[in-house]
Structures are given as C-alpha cells and as structure tokens.
Amino acid sequence: LGDVYKRQIFSLYGFIRGIINRNWFWLILGYLGFALGLLVKEEAIIVPALALVIDFLFIQEKEKKKWLERALYYYLPFLFVIVIYFIYRQAVLEFLIQEKKPRGFFLNLLTQSRSLVHYINLLLYPVHLNISYELHTYQRLIKDYVLFAFLYLGILLALALYFWRRAKVFTFFVLNFFISLAPTTLIPLNAIMNEHRVYLPSLGFGILLSAIWIKVQEILSGKKRVIWEISLAVIIGCYAILVPNRNRVYISDMMLWRDTIRKSPTKAQVISDLGNAYFRSNPPNLDRAEQLYKWAIKWNRFYFKAYHNLAIVNYRRGVAIKDTDPEKAEEYFRASINYFQSALEIFPFSSDSWNDMGTTYLQLEEYQQAELCYKRAIRINPLDFKPYFNLGNLLGKQERYAEAEEYFQVAVKIYDREIKHWYRLIDVQLKQKKYTQTLQTLKKALELFPNDELLLRVYGQVSEAVNQLKKSPP
C-alpha cells in the first residue's frame, strides 16, 4: 500500500513540477508514475483530478494558457493512459470495474457517508485505531444518521467552494479529501472502511495544519507566540508517543488480531484472521484456530473463508497421521472436503478452495474428483500457477506424462521462480525420454538457478546422454 501512495505522490510531484517549470521531462515522469500506479492499484485514477485541483487553485492564474488549451496540452496524456489501461484491463480480466459487487451503488453511497465522517474524525482525533472496523450497511436516513452525515459533508464541501479564493489551502484539503476517497465511496468494496484509505487525504490535512500554524505565528507576538509554539511542541510530542505505541501491535499477527478483536469482537473476518494467527504460530495451535473459525461462523454463517480454513485444519491433521493411523486420517480428509463444499456453496468462485479440495481428494487417491477440482480452479483463475502444478503432479502419478508436461509448462510460464516447477517438468520430460528437450529446459532453469546442485548434476547426465545418442543413434 505504501508503494501505491508513493507512486501517486510521485506522479503528482512530477506533473506539478513539469507545469510550473514547463519541463516535459517532469511531465513525462508524472504520466509514467500515473500509469505504474494504475497497474498496482486502481485508486491511482484520482491523480488527474487532484492535479487539476492543484492547478486550478495555485498555478493556472500565473500562466497565460486558457483552460481548453491547458486541458489539451497537459491533461490529454492522462486520458490516453486511462483509455489504454481500461482496454488492457478488459482484455486481461474481462471486466472493466468489478466482476461482482458486494452491495448496490445506492446502498454503498449511504453507508460510505458514515465512513467519510469517521475518516474526518480520524484525521482530527486519531485514537482507538482499528485495522478492521465493525461497520454495517446503513440505509435508514434518520435512524442510521445517514441524513446527518450528508448534511455534515455537504456543509464542509459548500464552505470549501465558497471560500476557495480566500482560503485556498482549506479548499484543497476538502477537495483532496473527497477526491482521494471517491473510488471507495462510489465503488462498493468488501471492506466498508479501512484506515489506509486516509493516507492520501492526510496529506492535504497536514498542509492545512501547516498553513494554520504559519498564519497564527504571524499574528501572535511576545509571550502569546511562545505559548503557541510550546503548545504545538506538546501536541507533536503526544503524536510522537502515540505513533510507536500504535505500531507495536504490528510486531506479529497474533498481537495485531488480538488488538483488533477487542475492538471488533463479533466481526467474522477478524475472528477468522485471529484463527489464522494461531494456525501460523510455531508450533501451530490447530485446536485454538478451529475454535475461532467456528466462532466466526457463529457470527456470520455466510463467511466462506472460515469454512475454507476449517477444511485446511482438518487436512493438516489428516496429513500428520496418515502413515500411523490411515483410518482416522481419512475421517479428517472427509471432514475437510465437507468444509470445502460448504465454502463453495457460499462462494463458488474461490479458486483456492477448488484447488485445495482437489489436493484433499488426491490424499484419498480419488484421482478423478481431484482432476475435476483442479480444472475448475484453472477455469476460475487461469493465472494461478498452483492448480496447474498440482494437476501436473496428479497426471504424473497416473503416468500421463505428456498431459502432465503441458500443465508443468504453464506453471513455469506463470511463475518461473519456483524451482520445484522446473524439477517436475524436467522429470516428466525425462520419463518420456525427451532428452534434447530436457536439455533445453535445464538450460533455462540454470539461467535462474545457476548454483543448484541437482540441476547441475542432471544437466551433466543429460548432456552426456545426448552426446552418446548423437554418436550412436538407436
């Protein structure tokens, strides 16, 4: 997330500096930063709007260009990048904005009005911070205080527009706040509210506070000015204490989600993520993780990730005792499959659930079911290498080496930095006696892993075999 906002700020900086200095080098850097920001996260689409606000408030009066000329000269490249991005997005993802909305546009707008007010409160009074707020959808204008939220936000926006000539920094803060949060306000996302969304709005708030401090310092003199400066130093000191104190919760997953569950005790996602922390602890506490996943389902029986996680817990238990107690292990694997099926009934588009259920069927040696699951995972997410690799392993077990090779080739193409992908591809090629092709694969693998002893040893053996075949062909 930090990289996302750095790219947005870099893009703004390059663009604004390019306008002020009339330097195309900086303008191009701004456009490039914008393009890279879009590729990382769609929220970067706000950059042209923020640039337009800064240009209108602080720059355009100093230049002779009219707005139409400025739009064509400075802002047309932004539009060009946006069009190219959406064409690329449609081609790759096969949808422009969202494949599936968690809630309707109007309901999301009503709900986000409350979130926007809370974001302003966070800027003014950043305490009781929470990584995952327990907010619900709001649709009743009076009982849910939605109407009051709209009035509050409307008054703030009206003041900013009314005083734009006399208080440009205040206007910038307000417009920056609304524009920066526009993507999550207008487009429904799973998380109703996240603190990281305030990162960019806080930039405008910081500039506003700096402007207020300078203005007050100019007005005051003598003891009043000293008192003002001491007060400011105390406030900065308080923030300096609060920041590292808050950051302590990020030391580990366990500390983070324990802190979060105290503030959102009935939110299924939080409960499940605390379960994940126990699952990933060393050694894993599967019993406590299982309790938390079941607790998450108690609060939200439609939270499919809790069912998926319960399936993984049972799978891990089955694998641990498969050699010593195969009957009990089979019970765990069957329980795991039941939980996967429950998860997929709620959300059938989870490629991870289909892939992991296929792996569970593989443990039960039900190869046909495993193959169907892997292929379903591939259809849902053709860019995920895991089901290709797992399906290749399954086909290899059945000595269907030619088919296995095809899937390993795709796994390597998607992600070539996993050495086991190369191992398995080389293995099935050798079993088909494709020595020349195997040699080419080994050369590609050694370009990525030049010091891998196994690859070097196999490369020597295959090279020798190829040379022998050339000398005395069969």
Side-chain angles (χ1 to χ4, degrees), residues 1 5 8 41-54 56-57 96-98 100-209 211-212 263-264 266-267 269 300:
L1 286 172
Y5 296 109
Q8 292 182 29
K41 202 166 180 67
E42 303 87 339
E43 291 175 9
I45 201 166
I46 64 170
V47 167
L50 289 178
L52 188 63
V53 168
I54 296 171
F56 177 77
L57 290 174
L96 286 178
I97 307 295
Q98 281 178 301
K100 186 179 179 182
K101 296 179 180 179
R103 70 193 73 85
F105 171 80
F106 187 65
L107 177 60
N108 184 69
L109 192 62
L110 296 177
T111 301
Q112 286 301 317
S113 67
R114 292 281 304 271
S115 296
L116 289 173
V117 172
H118 198 87
Y119 287 138
I120 294 173
N121 294 338
L122 280 179
L123 290 174
L124 296 171
Y125 190 61
V127 295
H128 304 300
L129 300 179
N130 188 357
I131 196 173
S132 185
Y133 286 86
E134 194 167 4
L135 297 178
H136 306 284
T137 54
Y138 302 106
Q139 52 187 335
R140 296 173 298 183
L141 292 178
I142 304 298
K143 288 187 176 181
D144 289 338
Y145 302 103
V146 171
L147 181 61
F148 301 104
F150 273 110
L151 285 172
Y152 176 74
L153 297 170
I155 291 170
L156 186 65
L157 184 59
L159 288 171
L161 296 176
Y162 183 77
F163 291 107
W164 76 270
R165 286 189 181 277
R166 285 176 286 175
K168 291 186 176 183
V169 175
F170 172 70
T171 301
F172 170 70
F173 157 64
V174 174
L175 294 180
N176 174 62
F177 176 81
F178 283 109
I179 291 171
S180 298
L181 293 169
T184 54
T185 303
L186 300 175
I187 299 172
L189 300 178
N190 289 323
I192 293 174
M193 179 177 174
N194 273 325
E195 286 175 1
H196 71 259
R197 295 173 187 169
V198 195
Y199 289 171
L200 204 55
S202 66
L203 175 65
F205 185 65
I207 294 172
L208 176 63
L209 290 181
I212 293 172
K263 299 164 184 174
S264 303
T266 62
K267 188 172 182 179
Q269 173 254 318
N300 183 357

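Quantities reported herein were computed from a predicted structural model and do not represent experimental measurements.
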For [X] and [Y], work out which heavy atoms get closest and say how close.
| X | Y | value |
| --- | --- | --- |
| P188 | G104 | CG-O, 4.1 Å |
| I179 | P183 | O-CD, 3.6 Å |
| H128 | Y133 | O-OH, 4.0 Å |

How many angstroms lie between [atom1] in [X] and [atom2] in [Y], if you round to the nearest 0.5 Å?
| X | Y | atom1 | atom2 | result |
| --- | --- | --- | --- | --- |
| S180 | L50 | OG | CG | 4.5 Å |
| F105 | T185 | CZ | OG1 | 9.5 Å |
| L135 | T111 | CG | OG1 | 9.0 Å |
| L181 | L186 | CG | CG | 10.5 Å |
| T137 | Q112 | OG1 | CD | 11.0 Å |
| W164 | L57 | CH2 | CG | 7.0 Å |

[X] vs [Y] side-chain heavy atoms within contact, under 4.5 Å:
| X | Y | value |
| --- | --- | --- |
| L189 | R197 | yes |
| I120 | Y152 | yes |
| L200 | I46 | yes |
| I192 | H118 | no |
| V117 | F148 | no |
| I212 | F170 | no |
| N176 | I54 | no |
| L175 | L157 | yes |

Q. F173 vs F205 aromatic rings, parallel, tilted or perpendicular, using cut-offs 30° and 60°?
A. tilted

**Q.** Check: T171 side chain, L161 main-chain N or O, donor-acceptor pair, under 3.5 Å
**A.** no

(Q) Using modelled atom types and a 3.5 Å cut-off, is there a donor and acceptor pairing between side-chain atoms of N108 and backbone atoms of R103? (A) no

(Q) My understanding is that only one of E195, Q269, K263 makes a side chain to side chain donor-acceptor pair (under 3.5 Å) with S132; could you say which? (A) Q269

Q: Could you give me the CA-CA distance, side-chain angles and deciding distance for Q8 and E43, then say whether side chain to side chain contact (heavy atoms under 4.5 Å, CB included) is met?
A: CA-CA 9 Å; Q8 292 182 29; E43 291 175 9; 4.3 Å; yes

Q.
For F177 and Y119: C-alpha separation, side-chain torsions, deciding distance, then whether side chain to side chain contact (heavy atoms under 4.5 Å, CB included) applies.
A. CA-CA 9 Å; F177 176 81; Y119 287 138; 3.9 Å; yes

